Engineer: 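Have a look at this one before I ask anything.
All values derive from a computational prediction rather than experimental measurement. Naming convention: chains lettered A, B, ... in sequence-line order (proteins, then strands); numbering from 1 in each chain.
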Amino acid sequence: MNELKLNIPNLPFSLEHTLDSGQTFRWVQTGQWWEGVIQGGKVKVRQEGDALFCALGEGVKAQSLYDYFRFDDDLERVYSRIMKDSHVAEAVQRYYGLHLINQDVWECLVSFVIATNTNIPRIKLMISRLCERFGKKSAFEGKPFSHFPGPESLAGATQGELASCGLGYRARFVRSVAQKVRSGEVDLEELRFLDYGKARETLIESVLGRKSLLGIGRKAADCVLLFSCSKDESFPIDVWMARVLLRFYPTLFDAETASRLGTRVTNKTGLSGPTYDKISTAMRGYFGGYAGFAQQYLFHDARKSGLE
DNA sequence: TCCCAGGCTCAAC
DNA sequence: GTTGAGCATGGG
């Protein structure tokens, strides 16, 4: 095996916390190694202190890993901005070195269409089936693996074929999103160059009263912008975050908003658009431009500790 | 068997 | 504008 040693330029960095935090769904841990597919190629990585040992598949450059893990980020600086209270402080301490990642926009978009109303283990299952069934095949270290299927192949699949990967009612949405991207109606690469507000409008906009991307709501859009477009002020609010906000930050909201957060948690009813926006804007006001980091630490901590 | 899961669409009000 | 049913599926 052709092993490469990469120096991690900015510490802290934790490979495990980063890959285990629900930003991405295809990495598999085997022993001390993590295997994944990025930028069209397979990689195997393991961390030892400030060194990242990796084996790169065909077509993958070390720079791709550098970009993927956002090694330019200076977490200490981020921490100093978001450390507003003991709750983030504890989460930061527990998951010290958790990076936000910069994954492929298309893969991230499909992943979070699939991620609605389900749990992380099943998201992984659905995506791995999707890749096996529709992804291009390659080999790494003599073993076959599948790439993430492109817009063309998912747009060309029937709803039944997609559903057979366990997608259920999501099959329709995945197909529709794939068709919009294939046709060029929605330009994903452009998102990186827009500011957060504009990029978000692009993802959830309606044309003639009809949504352009079926299956993408506010929460999914925020995840895409945070995990694949480096919009660090994005603050996705799912059930877990609703619990966190209700438990630790109720004083940041007026009574009506807090009560709606409560029904989100207990009745599992969705937040209305304006209410979602009001809450995430408040959290951005509280944490600042790196609110997305705070969100990710709080989310991961809540999930790991089984907050109720 | 029932409940929950990184929500969203659609229709009714 | 808000609310609520319905949604496919697998694990606890």
Side-chain angles (χ1 to χ4, degrees), chain A residues 19-26 91 95 98 100-101 103 107-130 159-177 180 200 203-228 234-246 256-257 259-280 283 292-308:
Chain A
L19 292 180
D20 188 38
S21 63
Q23 305 180 58
T24 174
F25 306 101
R26 292 195 72 203
Y95 303 104
L98 191 166
L100 287 179
I101 61 169
Q103 61 184 295
E107 175 171 341
C108 193
L109 184 70
V110 174
S111 298
F112 282 96
V113 170
I114 288 175
T116 62
N117 196 26
T118 188
N119 51 55
I120 290 181
R122 199 161 85 88
I123 299 168
K124 290 180 176 172
L125 181 64
M126 289 188 274
I127 291 178
S128 105
R129 285 176 181 165
L130 204 62
Q159 232 182 87
E161 287 173 330
L162 293 170
S164 73
C165 296
L167 297 197
Y169 66 91
R170 301 166 188 80
R172 176 183 155 225
F173 301 141
V174 167
R175 204 165 105 88
S176 139
V177 166
K180 293 286 164 75
R200 193 166 184 269
L203 282 175
I204 62 179
E205 85 183 325
S206 293
V207 182
L208 297 172
R210 181 121 194 114
K211 287 203 61 188
S212 50
L213 288 175
L214 273 186
I216 293 288
R218 283 170 165 73
K219 186 269 171 184
D222 277 338
C223 286
V224 171
L225 295 176
L226 189 58
F227 305 143
S228 72
S234 177
F235 195 93
I237 303 164
D238 70 325
V239 241
W240 291 100
M241 280 314 296
R243 283 184 198 130
V244 168
L245 299 183
L246 204 56
E256 192 185 6
T257 309
S259 133
R260 285 175 175 161
L261 259 178
T263 42
R264 171 73 180 97
V265 170
T266 55
N267 299 357
K268 287 190 53 72
T269 55
L271 297 167
S272 72
T275 305
Y276 182 106
D277 291 346
K278 197 171 180 181
I279 295 169
S280 59
M283 297 317 292
F293 283 86
Q295 183 278 154
Q296 197 56 19
Y297 279 83
L298 291 168
F299 167 78
H300 190 48
D301 191 30
R303 212 168 67 82
K304 285 293 178 184
S305 66
L307 179 73
E308 284 180 18

Engineer: Starting at CG of A:L167 and ending at P of B:dG7, how long is that distance when rounded to a whole Å?
Structural biologist: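 Distance, rounded to whole Å: 16 Å.
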Engineer: Please classify the nucleic acid contact of A:K211 as base, sugar-phosphate, or nothing, using heavy-atom distances under 4.0 Å.
Structural biologist: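 It contacts sugar-phosphate atoms only.
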Engineer: NA contact type, A:A171, heavy-atom cut-off 4.0 Å: base, sugar-phosphate, or nothing?
Structural biologist: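 It contacts nothing in the nucleic acid.
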Engineer: For B:dT9, does OP1 or OP2 lie under 4.0 Å from any side-chain N or O of A:R170?
Structural biologist: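 For B:dT9, neither OP1 nor OP2 has a side-chain N or O of A:R170 closer than 4.0 Å.
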Engineer: Taking all non-hydrogen atoms of both residues into account, name the closest pair between A:H300 and A:D20 and its distance.
Structural biologist: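 Answer, listing the atom of A:H300 first, then A:D20: CE1-O, 3.2 Å.
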Engineer: From C-beta outward on A:N119, which listed nucleotide comes closest to its side chain: C:dG10, C:dG1, B:dG7?
Structural biologist: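 My answer, after comparing the listed nucleotides, is C:dG10.
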Engineer: A:K219 and A:I237: which non-hydrogen atoms are nearest, and at how many Å?
Structural biologist: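 Nearest heavy atoms, A:K219 then A:I237: CG-O, 3.4 Å.
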Engineer: Considering only B:dT9, B:dG6, C:dT2, which nucleotide approaches the side chain of A:S272 most closely?
Structural biologist: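 Among B:dT9, B:dG6, C:dT2, the one nearest the side chain of A:S272 is C:dT2.
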Engineer: Could you give the CG-to-P distance, from A:D238 to B:dC8, as a whole number of Å?
Structural biologist: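 Result: 10 Å.
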Engineer: Minimum heavy-atom separation for A:V244 to A:L307, with atom names?
Structural biologist: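 Closest pair (atom of A:V244, atom of A:L307, distance): CG2-CD2, 3.7 Å.
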Engineer: So what does A:G22 hit on the nucleic acid, given a heavy-atom distance under 4.0 Å: a base, only sugar-phosphate, or nothing?
Structural biologist: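 Base, at least one base heavy atom under 4.0 Å.
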Engineer: Quick one: A:L98 CG to B:dG6 C1', roughly how many Å, whole number?
Structural biologist: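 Nearest whole value for this atom pair: 15 Å.
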Engineer: Answer yes or no: side-chain N or O of A:Q23 and base N or O of B:dG6 forming a donor-acceptor pair under 3.5 Å.
Structural biologist: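 Answer no: no donor N or O sits under 3.5 Å from an acceptor.
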Engineer: What does A:E308 touch in the nucleic acid at a heavy-atom separation under 4.0 angstrom: a base, only the sugar-phosphate, or nothing?
Structural biologist: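 If one applies the 4.0 Å heavy-atom cut-off, A:E308 turns out to touch nothing in the nucleic acid.
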Engineer: If you apply the rule salt bridge (Lys or Arg N to Asp or Glu O under 4.0 Å), what do you find for A:D238 with A:R303, and how did you get there?
Structural biologist: CA-CA 11 Å; A:D238 70 325; A:R303 212 168 67 82; over 6 Å; no
Engineer: Round to the nearest Å and state the distance from A:R172 atom CZ to B:dC8 atom C1'.
Structural biologist: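 The distance from CZ of A:R172 to C1' of B:dC8 comes to 10 Å, rounded to the nearest Å.
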Engineer: Which residue in the set A:I127, A:V174, A:L130 passes side-chain contact (heavy atoms from CB on, under 4.5 Å) when paired with A:C165?
Structural biologist: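 Of A:I127, A:V174, A:L130, side-chain contact (heavy atoms from CB on, under 4.5 Å) with A:C165 is met by A:L130 alone.
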Engineer: In whole angstrom, give the distance that lies between atom CE of A:M126 and atom P of B:dA5.
Structural biologist: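 Interatomic distance, CE of A:M126 to P of B:dA5: 14 Å.
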Engineer: Check whether the aromatic ring of A:F299 stacks on the base of B:dG6, taking stacking as ring centres less than 5.5 Å apart and planes within 30° of each other.
Structural biologist: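 Answer is yes, a stack.
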Engineer: Of the options C:dT2, C:dA8, B:dC10, whose atoms approach the side-chain atoms of A:Y169 most closely?
Structural biologist: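 Ranking C:dT2, C:dA8, B:dC10 by closest atom to the A:Y169 side chain puts C:dA8 first.
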Engineer: To the nearest angstrom, how far is A:I216 atom CD1 from B:dT9 atom P?
Structural biologist: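 After rounding, the gap between these two atoms is 8 Å.
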Engineer: Give a yes/no answer on whether the side chain of A:R243 brings an N or O atom under 4.0 Å of OP1 or OP2 in B:dA5.
Structural biologist: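 For B:dA5, OP1 or OP2 has a side-chain N or O of A:R243 closer than 4.0 Å.
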Engineer: Checking all strands, does A:R218 fall into the base, sugar-phosphate, or nothing category for heavy-atom contacts under 4.0 angstrom?
Structural biologist: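 Result for A:R218 = sugar-phosphate.
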Engineer: By nearest atom, which of the nucleotides B:dG6, C:dT2, B:dA5 is closest to the A:T118 side chain?
Structural biologist: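 Given the options B:dG6, C:dT2, B:dA5, the side chain of A:T118 is closest to B:dA5.
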Engineer: What integer number of Å spans the C1' atoms of B:dA5 and C:dC7?
Structural biologist: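 13 Å, rounded to whole Å.
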Engineer: Any base atoms under 4.0 Å from A:S164, or only sugar-phosphate, or nothing? Heavy atoms, all strands.
Structural biologist: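 Counting heavy atoms under 4.0 Å across all strands, no contact is made by A:S164.
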Engineer: Taking donor-acceptor contacts at under 3.5 Å, does the side chain of A:Y276 reach the base of B:dG7?
Structural biologist: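 Absent.
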Engineer: Whole angstroms only, please: what is the CG-P distance between A:N267 and C:dT3?
Structural biologist: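 Going from CG in A:N267 over to P in C:dT3 covers 11 Å.
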Engineer: Once you apply a heavy-atom cut-off of 4.0 Å, does A:E256 come out as touching a base, just sugar-phosphate, or nothing?
Structural biologist: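 Touches nothing.
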Engineer: Go nucleotide by nucleotide along DNA chain C from the 5' end; which of A:P121 and A:T116 gets its closest nucleotide reached first?
Structural biologist: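 The residue whose closest nucleotide sits nearer the 5' end is A:T116.
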Engineer: Can you tell me which nucleotide in B:dG6, C:dT3, C:dA8 comes closest to the side chain of A:N117?
Structural biologist: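 Ranking B:dG6, C:dT3, C:dA8 by closest atom to the A:N117 side chain puts C:dA8 first.
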Engineer: Of the nucleotides B:dG6, B:dC8, C:dT2, which one has an atom closest to the side chain of A:A220?
Structural biologist: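 Closest nucleotide among those given: B:dC8.
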Engineer: Minimum heavy-atom separation for A:C108 and A:V224, please, with both atom names.
Structural biologist: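 Answer, listing the atom of A:C108 first, then A:V224: SG-CA, 3.8 Å.
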Engineer: Quiz question: by atom type and distance under 3.5 Å, do the side chains of A:D222 and A:Y276 form a donor-acceptor pair?
Structural biologist: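 Yes, A:Y276 and A:D222 have a side-chain donor paired with an acceptor closer than 3.5 Å.
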Engineer: Using heavy atoms to find the nearest nucleotide of DNA chain B for A:T269 and A:R122 separately, return the residue whose nucleotide is more 5′.
Structural biologist: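 This one resolves to A:R122.
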Engineer: Quote, to the nearest angstrom, the P distance that separates C:dA8 from B:dA11.
Structural biologist: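 C:dA8 and B:dA11 have their P atoms separated by 15 Å.
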Engineer: Roughly how many Å apart are C:dA5 and B:dC3, using the P atom of each and rounding to a whole number?
Structural biologist: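 Each nucleotide's P atom is 14 Å from the other's.
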Engineer: Check the distance between C:dT2's P and A:K278's NZ and give it to me in whole angstrom.
Structural biologist: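 Between P of C:dT2 and NZ of A:K278: 9 Å.
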